[in-house]
Student: 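Handing you this structure, nothing more for now.
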Protein chains: 2
Amino acid sequence: MTTKQRGRPRLFDRDEAIARAMRTFWEHGYEATSITLLTEAMGIGARSLYGAFGSKEALFKEVVDFYVTTYGAYMGRALGEEPTAHGGIARMLREAAGQLTADDRPRGCLVVFAANDNATASAGAERILRTHRAAFTAAFEDRIRAGIAAGELSAQVNPAPLARYFAAVFQGMSQQARDGASRTQLEEVAATAMRAWP
Amino acid sequence: MTTKQRGRPRLFDRDEAIARAMRTFWEHGYEATSITLLTEAMGIGARSLYGAFGSKEALFKEVVDFYVTTYGAYMGRALGEEPTAHGGIARMLREAAGQLTADDRPRGCLVVFAANDNATASAGAERILRTHRAAFTAAFEDRIRAGIAAGELSAQVNPAPLARYFAAVFQGMSQQARDGASRTQLEEVAATAMRAWP
DNA sequence: CTTTTTTTGCAGTGCTCGTTGCAAAAGGGA
DNA sequence: TCCCTTTTGCAACGAGCACTGCAAAAAAAG
């Protein structure tokens, strides 16, 4: 059913181009990443970029989707694979300390930092990231709720505030990674944060 | 001893201009705040801005210094006025929930969010903010250290990681405020965070 | 008054931004 | 072979960026 494409085939690998664009956005944020910076990193011309992705914002959306299913996937894995809510969130924060400070990639979490202004040109990018931030906070809340249903946690525990607390810790860890904090330092933050568990 | 200035007096109040520039930077961040945006907010011409402040980055530095001594002053007050380290940090976080979400000003903390890229034009601004972030983390650490010296906390407690933890919580609260969290929600985060106290 | 010093408004500097029109190039389908 | 479709490189678009040269304007100092 999938008919072969008709015209001239493109000279670059689309997925590889997205991966390279991701690194650039991840390093500089949305606004500070210019089309020139992108085309250099992706190894293609500006016209090809627009032909393949449509606009800077559309490319960014694809980049973020790629990011959350690759570099961001450890989060869902930690929450899903651990038998308890406590274990899942503890593992998520512990692994985040390593992920946010790894040498082979930019520091911090792309979703947390890449756009912070919702009144200028980056409003669309900011909206995209905000949605993802709400999504991982909701994932924490779901896991806590499941822990309550399983009897791991008291029914008196309020899931939403607890989830927001862990989201705040994660976001703080992300910025501290950007500021140069080491993996060990962030692991200490994660361990301290878990002491607030009810 | 203070001789009167010689030439034509400037037509605007310098401090008032800084206060207005602060609001603009606070809303949009460093990079997204253009000179045009600034001159409109400050009610002066571009030439006057450069005459009085030198450059965008120099103005930003004055703005940040003004910010930390006014809107950011509650932090030092909370840490200094409370008799215990626990009380000081708890009050700081509780008050932050209100400060970060107040209706009469942009949301979040200027020092936490206004610049996130250290590889482009905003490198200088980012360095300024990073210094202030290190400063408030150091203030937390000093207060914890004093608590240990006073016998409030065990000598086994390691001050630096605990300070970094509370800094992370504060930074997370700031971004959640930007994302629309309510004062009550942030107060819940602050209260939860204090349960990790040793 | 004149001189001196500073601020002001205006216009414009060179540069970069995201984006696009155009025609040549390059492949598949008939 | 000749179409048809798509991608490519090139050059440029108007707009906005941080910043500045210049001369008129305004006030204190002499």
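Labels below follow one simple rule: chain letters A, B, ... track the order of the sequence lines, proteins then strands, and each chain is numbered from 1. On a predicted model such as this, the values are computed, not experimentally measured, just so you know.
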Student: Under 4.0 Å between a side-chain N/O of A/R10 and OP1 or OP2 of D/dT7, yes or no?
Tutor: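 So the side chain of A/R10 is within the cut-off, an N or O lying under 4.0 Å from OP1 or OP2 of D/dT7.
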
Student: For the side chain of A/S48, starting at C-beta, report the closest nucleotide among D/dT8, C/dT4, C/dT6.
Tutor: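 Between D/dT8, C/dT4, C/dT6, the one nearest the side chain of A/S48 would be D/dT8.
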
Student: Looking at A/S34, does any N or O in its side chain come under 4.0 Å of the phosphate oxygens OP1/OP2 on C/dC17?
Tutor: yes

Student: Can you confirm if the NZ or CZ of A/K56 lies within 45° of the ring axis of A/F25 and under 6.0 Å from the centre of its six-membered ring?
Tutor: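 Ring-cation test returns no.
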
Student: Has B/R20 got a side-chain atom pairing as donor or acceptor with B/M42's backbone, closer than 3.5 angstrom?
Tutor: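 The answer is no, because no donor-acceptor pair under 3.5 Å joins these two groups.
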
Student: Side chain of B/K56: nearest nucleotide among C/dT7, D/dA18, D/dT8?
Tutor: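 The answer is D/dA18.
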
Student: Tell me the interatomic distance from B/L37, atom CG, to D/dG16, atom C1', rounded to whole angstroms.
Tutor: 12 Å

Student: From CZ of B/R6 over to C1' of D/dA29, roughly how many Å is that when rounded to an integer?
Tutor: 5 Å

Student: Starting at atom CD1 of A/I35, determine the distance to atom P of D/dA11, rounded to an integer number of angstrom.
Tutor: 20 Å

Student: Could you label the plane-to-plane angle of the A/F12 and A/F53 rings as parallel, tilted or perpendicular, counting under 30° as parallel and over 60° as perpendicular?
Tutor: tilted

Student: So, OP1 or OP2 of D/dG16: does either fall under 4.0 Å of a side-chain N or O from B/T36?
Tutor: no

Student: Among C/dG9, C/dG18, D/dG9, find the nucleotide with the atom closest to the side chain of B/R47.
Tutor: C/dG9

Student: Could you state the CZ-C1' distance from A/F25 to C/dG18, rounded to the nearest angstrom?
Tutor: 12 Å

Student: Classify the nucleic acid contact of A/T39 as base, sugar-phosphate or nothing, counting any heavy atom under 4.0 Å across all strands shown.
Tutor: nothing

Student: Within this structure, what is the CG-to-P distance between B/L59 and D/dC19, rounded to whole angstrom?
Tutor: 10 Å

Student: Could you state the NE2-P distance from A/H28 to C/dG18, rounded to the nearest angstrom?
Tutor: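 After rounding, the reported distance stands at 13 Å.
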
Student: If you go through the side-chain atoms of A/R8, does one of them form a donor-acceptor pair with the base of D/dT7 closer than 3.5 Å?
Tutor: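 Per atom types, the contact qualifies.
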
Student: I want to know whether A/F166 and A/W197 have ring centres closer than 6.0 Å.
Tutor: yes

Student: Using distance alone, with no hydrogens and no angle criterion, decide if B/Q99 and B/R105 have a side-chain donor and acceptor under 3.5 Å apart.
Tutor: yes

Student: Atom CZ of A/F53 and atom P of D/dT7: how far apart are they, to the nearest Å?
Tutor: 11 Å

Student: Closest-nucleotide mapping onto DNA chain D: is B/G7 or B/E57 further toward the 5' terminus? I mean the 5' end.
Tutor: B/E57

Student: With a 4.0 Å limit, can you tell me whether B/Y50 has a side-chain N or O closer than that to the phosphate oxygens OP1/OP2 of D/dC19?
Tutor: yes

Student: Look at all strands and tell whether A/L11 reaches a base, only sugar-phosphate, or nothing, counting heavy atoms closer than 4.0 Å.
Tutor: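 Sugar-phosphate contact only - A/L11 comes under 4.0 Å of backbone atoms but never of a base.
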
Student: Would you kindly give the CZ-to-C1' distance between B/F60 and D/dC19, to the nearest whole Å?
Tutor: 19 Å

Student: Closer to the 5' end of DNA chain D via nearest nucleotide, is it B/E31 or A/A46?
Tutor: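 The 5'-side residue here is A/A46.
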
